[in-house]
Q: 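Handing you this structure, nothing more for now.
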Amino acid sequence: MEKKLRADAITGLNKCFDPSSPDLLNFSKDYQPIVDSAYLAQAFLRAPKALWEPLDSLTKQRIVSSFKSLRNRKPFNSNWLLFGAITEAFLLSIGEEYDHVRITNGVDSLNDWYKGDGWYGDGPNLAFDYYNSFVIHPMMVDTLRILVDHKLADEKSYELALIRMQRYAVGQERMISPEGTYPPIGRSITYRTGAFQALSQIALMEKLPESILPAQVRCALTKVKQNMYSIPGTFDKNNWLTLGFCGHQPDIADYYTSTGSLYMATLSFLPLGLPETNLFWTQAPADWTAKSAWSGKSFQKDYHVDY
């Protein structure tokens, strides 16, 4: 199955960038392609041997040209700045000409908007939603890793972004209720469990804080997914996700939501990249923080941080 999925992904990418294909993606007009390119670039950065290296040279050239074509459109002054940054970081990583200003503007702006205790503003103001997880922490960390590797940023800047992400992950783990639910706050909640990308990536990186066992995250996210994806109406007759948070709830969809964007939900499955021998899978089941707290068991105290 894994081999088939990899082959299907490569076939799909070839078609998505083939001008003669009905599946050709739009990169030439509007602003949405700035978003699309960022998540594709991040996928290439996370799995280069599976998704980038196997592509034929023509498809690679087409992707590079498509990414560069976005430079005639500026990202909005929000988390979107990181979309431009990570796309350029990917180009840098493969030795292509890159836009230095587009990379540094994203990272510098988000650092300027940092509010404290693991939370970045989405623009100058704080937005109490899941965009710190959907976009900000993962793309900040991944972009800075490339900049550090190419000596365009210092290691301390990456370490700062990482510990801020770890702090945010602590909050995410604690937001999962004893029953395995979480608050439906903010926009884009149709992305469902994509809200836990930050926690999932920290687990994948094996950078969970000492206060969180890998098994806590495994058990908590498993329960959330069992609750969310077992609700009738979550999938249509062809097994595609439907608009909604927990079931079919089209009224909560945003104007920019599409069936494709619902699959941001898969970002919470990042720990599947860990080998079966990893503690994330082998550690004995463990209660997550809220489950321990609400059952009268001992659990870690929590304090804000100043970085």
Side-chain angles (χ1 to χ4, degrees), residues 2 5 9 35 38-40 42-43 45-47 50-51 79 82 86 118 129-142 165-177 179-209 212-231 234-235 239-247 249 252 257-276 278-281 283 285-286 288-291:
E2 183 180 342
L5 290 172
V35 183
Y39 284 103
L40 185 54
Q42 190 171 34
L45 288 172
R46 284 171 168 166
L51 295 176
N79 69 84
L82 287 174
I86 200 166
D129 56 28
Y130 293 108
Y131 270 81
N132 265 264
S133 190
F134 289 144
V135 180
I136 297 172
H137 280 292
M139 290 195 178
M140 274 287 283
V141 166
D142 289 354
M165 187 175 176
Q166 288 172 315
R167 173 57 188 164
Y168 183 79
V170 169
Q172 286 221 298
E173 191 270 347
R174 286 175 177 252
M175 287 178 74
I176 299 172
S177 76
E179 300 79 19
T181 61
Y182 64 98
I185 55 172
R187 64 190 179 94
S188 300
I189 58 172
T190 53
Y191 300 162
R192 293 180 168 95
T193 56
F196 291 100
Q197 177 181 199
L199 177 60
S200 300
Q201 181 163 338
I202 287 293
L204 174 66
M205 297 170 71
E206 300 182 82
K207 295 291 186 179
L208 286 169
I212 302 178
L213 296 174
Q216 286 178 239
V217 179
R218 184 190 78 233
C219 294
L221 290 181
T222 297
K223 187 61 177 176
V224 168
K225 290 168 183 176
Q226 288 171 342
N227 287 335
M228 180 159 275
Y229 297 120
S230 63
I231 297 296
T234 300
F235 300 93
N239 289 323
W240 291 103
L241 284 170
T242 61
L243 297 174
F245 174 73
C246 195
Q249 301 153 311
I252 66 163
T257 311
S258 67
T259 297
S261 63
L262 301 179
Y263 285 84
M264 288 271 290
T266 61
L267 295 171
S268 63
F269 289 86
L270 287 175
L272 289 174
L274 293 168
E276 62 183 10
N278 190 273
L279 277 178
F280 187 88
W281 305 115
Q283 205 168 52
W288 50 100
T289 301
K291 190 172 182 181

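Along the sequence shown, residues carry numbers from 1.
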Q: May I ask you to test the T234-M228 pair for a side-chain heavy-atom distance under 4.5 Å?
A: no
Q: Are more than 12 heavy atoms from other residues, nucleotides or ligands located less than 6.0 Å from atom CD of E276?
A: no
Q: Testing T289, I202, L221 one by one against E173 for a side-chain contact (heavy atoms from CB on, under 4.5 Å), which residue passes?
A: T289
Q: For the residue pair A195 and S133, what are the closest heavy atoms and their distance?
A: O-OG, 2.7 Å
Q: Could you give the distance from CD1 (I86) to CG (L45), rounded to the nearest 0.5 Å?
A: 5.5 Å
Q: Residues in ring pair (Phe, Tyr, Trp, His ring centres under 6.0 Å) with W281, at least two apart?
A: none
Q: Going by the rule side-chain hydrogen bond (donor to acceptor under 3.5 Å, both in side chains), which residues pair with T193 if we only count those two or more places apart in sequence or in a different chain?
A: Y229, S268
Q: Using the side-chain contact (heavy atoms from CB on, under 4.5 Å) criterion, which residues pair with A9? Sequence neighbours excluded.
A: L51
Q: Under 3.5 Å, side chain of H137 to main-chain N/O of G118, donor-acceptor pair present?
A: yes
Q: Partners of R174 by salt bridge (Lys or Arg N to Asp or Glu O under 4.0 Å), sequence neighbours excluded?
A: none
Q: Looking at residues at least two apart in the chain, or sitting in another chain, which of them share a side-chain contact (heavy atoms from CB on, under 4.5 Å) with Q283?
A: L213, P214, A215, R218, L279
Q: Mind checking whether L262 and W240 have side chains closer than 4.5 Å, heavy atoms only?
A: no
Q: Measure the CH2-OG1 distance between W288 and T222 for me, rounded to the nearest 0.5 Å.
A: 8.5 Å
Q: Could you walk me through whether F280 and E206 satisfy the side-chain contact (heavy atoms from CB on, under 4.5 Å) test, starting with their C-alpha distance in whole Å, then the side-chain angles of each, then the deciding distance to 0.1 Å, before giving a yes or no?
A: CA-CA 9 Å; F280 187 88; E206 300 182 82; over 6 Å; no
Q: Is there a donor-acceptor contact under 3.5 Å from the side chain of S200 to the main chain of P271?
A: no
Q: Apply salt bridge (Lys or Arg N to Asp or Glu O under 4.0 Å) to K291 and list each qualifying residue two or more places apart in sequence or on a separate chain.
A: D287
Q: Do the side chain of N79 and the main chain of V135 share a donor and acceptor less than 3.5 angstrom apart?
A: no
Q: Considering non-hydrogen atoms only, spot the tightest contact between G186 and D129 and give its length.
A: CA-CB, 3.6 Å
Q: If you take all heavy atoms of Y263 and L241, which pair is closest and at what distance?
A: OH-N, 2.9 Å
Q: Kindly write out the residues that satisfy side-chain hydrogen bond (donor to acceptor under 3.5 Å, both in side chains) with Q249, not counting sequence neighbours, or none if the list is empty.
A: none
Q: For S177, does its backbone N or O pair with a side-chain atom of T181 as donor and acceptor, under 3.5 Å?
A: no
Q: Are M165 and M140 side-chain neighbours, meaning at least one heavy-atom pair lies under 4.5 Å?
A: no
Q: With S258, which residues qualify under side-chain contact (heavy atoms from CB on, under 4.5 Å), at least two apart?
A: S261
Q: Could you tell me if the side chain of L204 sits less than 4.5 Å from the side chain of R46, heavy atoms only?
A: no
Q: Work out which heavy atom in C246 is nearest to a heavy atom in N227; give both atom names and the distance.
A: SG-O, 4.4 Å
Q: Is it true that a side-chain atom of Q197 and a backbone atom of L270 form a donor plus acceptor pair closer than 3.5 Å?
A: no
Q: Any side-chain heavy-atom pair from L208 and L199 closer than 4.5 angstrom?
A: yes
Q: For Y191, check ring pair (Phe, Tyr, Trp, His ring centres under 6.0 Å) against everything at least two apart and list the hits.
A: F134
Q: Y182: which residues meet the ring pair (Phe, Tyr, Trp, His ring centres under 6.0 Å) condition with it, sequence neighbours left out?
A: Y130, F196, F245
Q: Which atom pair, heavy atoms only, marks the closest approach of Y168 to A198?
A: CD2-CB, 3.8 Å
Q: Are V141 and K207 side-chain neighbours, meaning at least one heavy-atom pair lies under 4.5 Å?
A: no
Q: Which atom names give the shortest non-hydrogen contact between V170 and P209, and what distance separates them?
A: CG2-CG, 3.6 Å
Q: Could you give all pairs that pass the salt bridge (charged side-chain N to carboxylate O under 4.0 Å, His left out) test and reach residues 219-228, with sequence neighbours left out?
A: none
Q: Sequence neighbours left out, what passes salt bridge (Lys or Arg N to Asp or Glu O under 4.0 Å) with E2? Give chain and number order.
A: R6
